Structures are given as structure tokens and as C-alpha cells.
Amino acid sequence: MKRTAAIFFFLLCAAHAQARTLYVSLTGSHDTNTPAFRTWATAATNIQAAIDAASGGDTIRIAHGTYTIDAAATNTEMCYVNKPLSIIGGRGTLFDADKTILNANGNRRVMSFGDASDPSVLRGVTLTGANTEYKAPGLYAARGMTMDSCIVRGNYSSFAGTIGEEGAIIFQNIYPGQIKNCIVVGNSGPGGGTSGGITRWSQRKISVINSIVEANFPYSICRWTGEI
């Protein structure tokens, strides 16, 4: 029994030892040499580069600043996450979110989280500036995830779909999600029964905890299926 416990503890420690922290800063040197982006001095200068270099279970720390999308980019979002990561602006607070801004610059969606094996965590950032034909201009999550101490504001979608598809934040598929300590304001769609704020489009529940969700057009919260 003691030997089994010791082996389990060793494996747990090894798993934690493998998790890395990668850094993003507008003043970093963007050093891609292995190990890439492992200090503030060698930090990536754009968030997607750090996401691409990370492995599942890693943490990405983002320094204060305004990060924008390349207007010539061909992808549908500023940042695409296809692995379970913790992405944290500053210390991960609302104060940091106000100073760590992901601005889609009137172009495409701000962030998408794909169907990774485990859910991700996003903390301490502002998602803004999307003006796009895609649904969920602020954040689209194919798998349930946690948004904590984030601001989602000033995003617009002209997506001509069914009810709820223009919500600035959309959680889809069968996985539960959580939005806590967040501010979701001033997001909009073209109307016609769609949501400008948060949409749950699935069979599971999304929890909205200790958050401000208001002044979104035409609705702040919309349920397509499941619970919210």
C-alpha cells in the first residue's frame, strides 16, 4: 500500500514538473529557440505564438499591453486554442484585464477554444474590437471552460444565423462552462431574436457567477438549448 502511494506521488510530481510557463510581452525578444518564450526577456510578442509553442497543461502569462490581430491574417480568430491551457493576463484579476487587452481591431473573432481533451482557463484579459460575420465574436468555446476576471466588451457580429448565434460569448457542445467575476457589456448583433451577450448552445449548464452582464443588444443572456 505504501509503495503504491509512493509511486502515485512520484507520478503526480512528475506530471507537475512537466507543466511549463510561457510568457508573452510586447517588449519580449520573441526568442523561438528551445525552450521558447520561457522568460519575460525572451517572451513571445504575440499570443498565438505562445499558444502554438505550449503543450497541454502549460500556463501562458501575458504582460500588460494592447495586443492586436494582423489585418492580413487569414484565420477566423485572433487566437485559437486547441489544447488545455491556463492563459492569464498579469496576475489574473479584473484590474489586470483592464490593462491586458486583446483587440481584434475590427477584424474576425477575438478567441476560439477548440475541442481539447480538457477544459482551459482564461483569466485577467479584455476581449474587444471584433466586428465580424462569424458567430461569437468575443469568445467561442467548443468545450466547456472557465472565464475568470475577464472583460468582454464592444464586440459585434453580423452572423446571419438562428437565434443566439451572435452572442459575444458562446459555449457549445455537451460540456459545462463557467463565467465568474467577469464583465460582459456593450456587445451586439443585428437583432432578430439573437443575443449580444452570453449564449449557451448545448445540452449542459453554464454558470454565470458574480458577474456583470448588461447593456448588450438585443439580449444579454440567451439560451438556445440546455441550461444557463
Side-chain angles (χ1 to χ4, degrees), residues 47-48 51 60 62 66-69 75-89 92 94 96-98 100-116 118-159 161 164-173 175-189 194-202 204 206-209 211-213 216 219-224 226 228:
I47 300 167
Q48 187 63 55
I51 292 170
I60 295 176
I62 307 173
T66 298
Y67 300 83
T68 59
I69 190 170
N75 50 308
T76 60
E77 56 276 300
M78 179 177 173
C79 298
Y80 176 67
V81 183
N82 61 351
K83 63 199 79 171
L85 299 174
S86 293
I87 301 175
I88 303 171
L94 274 176
D96 295 293
D98 191 48
T100 312
I101 301 168
L102 282 61
N103 190 335
N105 204 24
N107 200 351
R108 301 177 176 82
R109 180 186 292 138
V110 185
M111 294 196 79
S112 289
F113 286 79
D115 195 6
D118 292 300
S120 292
V121 175
L122 181 67
R123 291 173 51 199
V125 300
T126 290
L127 309 181
T128 190
N131 188 336
T132 175
E133 63 183 7
Y134 300 107
K135 61 186 178 182
L139 182 143
Y140 175 84
R143 175 177 285 267
M145 58 165 296
T146 296
M147 290 185 69
D148 187 355
S149 303
C150 291
I151 300 170
V152 183
R153 58 174 173 79
N155 297 289
Y156 177 82
S157 171
S158 60
F159 184 79
E165 289 190 325
E166 289 96 356
I169 303 169
I170 291 181
F171 283 70
Q172 196 163 355
N173 292 336
Y175 307 98
Q178 188 175 80
I179 297 173
K180 60 181 182 180
N181 310 314
C182 290
I183 299 173
V184 184
V185 297
N187 303 284
S188 61
T194 57
S195 171
I198 301 169
T199 297
R200 180 58 183 173
W201 191 351
S202 185
R204 293 291 179 91
I206 175 175
S207 299
V208 181
I209 304 167
S211 297
I212 297 172
V213 186
N216 300 286
Y219 301 112
S220 279
I221 296 180
C222 177
R223 183 185 71 185
W224 178 237
I228 192 167

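Predicted, not measured: the structure shown is a model, and the values here were computed from it. Starting from 1, each residue takes its place in the sequence as its number. Atom set for the values below is all heavy atoms of this structure, side chains included, hydrogens, waters and symmetry mates excluded.
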Out of curiosity, [X] [atom1] to [Y] [atom2], how far, rounded to the nearest 0.5 Å?
X: Met145; Y: Gln178; atom1: CE; atom2: CD; answer: 10.5 Å
X: Asn131; Y: Ser158; atom1: CG; atom2: OG; answer: 7.0 Å
X: Arg123; Y: Asp96; atom1: CZ; atom2: CG; answer: 9.0 Å
X: Ile212; Y: Ser220; atom1: CD1; atom2: OG; answer: 11.5 Å
X: Leu94; Y: Ile183; atom1: CG; atom2: CD1; answer: 5.0 Å
X: Tyr140; Y: Phe171; atom1: OH; atom2: CZ; answer: 11.5 Å

field: Close side-chain approach of Val81 and Leu122, heavy atoms under 4.5 Å
entry: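 Not in contact.
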task: Check whether any side-chain heavy atom of Ile87 lies under 4.5 Å from a side-chain heavy atom of Met111, and answer yes or no.
output: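 Yes, side chains in contact.
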- prompt: How would you list, by chain and number, every residue that makes a side chain to side chain donor-acceptor pair (under 3.5 Å) with Asn187, sequence neighbours excluded?
  reply: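 Asn155, Asn216.
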- prompt: Of Val184, Val208, Leu127, which is the lone residue that meets side chain to side chain contact (heavy atoms under 4.5 Å, CB included) with Ile169?
  reply: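 So, applying the side chain to side chain contact (heavy atoms under 4.5 Å, CB included) to Ile169 and each of Val184, Val208, Leu127, only Val184 qualifies.
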Identify the two heavy atoms, one from [X] and one from [Y], that lie closest to each other, and give their separation to 0.1 Å.
X: Asp98; Y: Ile101; answer: O-CD1, 3.8 Å
X: Thr146; Y: Lys180; answer: CG2-CE, 4.2 Å
X: Arg109; Y: Gly138; answer: CG-O, 4.3 Å
X: Met78; Y: Gln48; answer: O-OE1, 3.8 Å
X: Ser149; Y: Ala97; answer: O-CB, 3.5 Å
X: Pro84; Y: Pro119; answer: CB-O, 4.0 Å

Polar side-chain atom of [X] near backbone of [Y] as donor-acceptor pair, under 3.5 Å:
X: Thr68; Y: Asn103; value: no
X: Ser120; Y: Leu85; value: yes
X: Ser211; Y: Cys182; value: yes
X: Thr128; Y: Arg153; value: yes
X: Lys83; Y: Ile51; value: yes

field: Residue pair Tyr67, Val125: steps toward the side-chain contact (heavy atoms from CB on, under 4.5 Å) verdict
entry: CA-CA 11 Å; Tyr67 300 83; Val125 300; over 6 Å; no
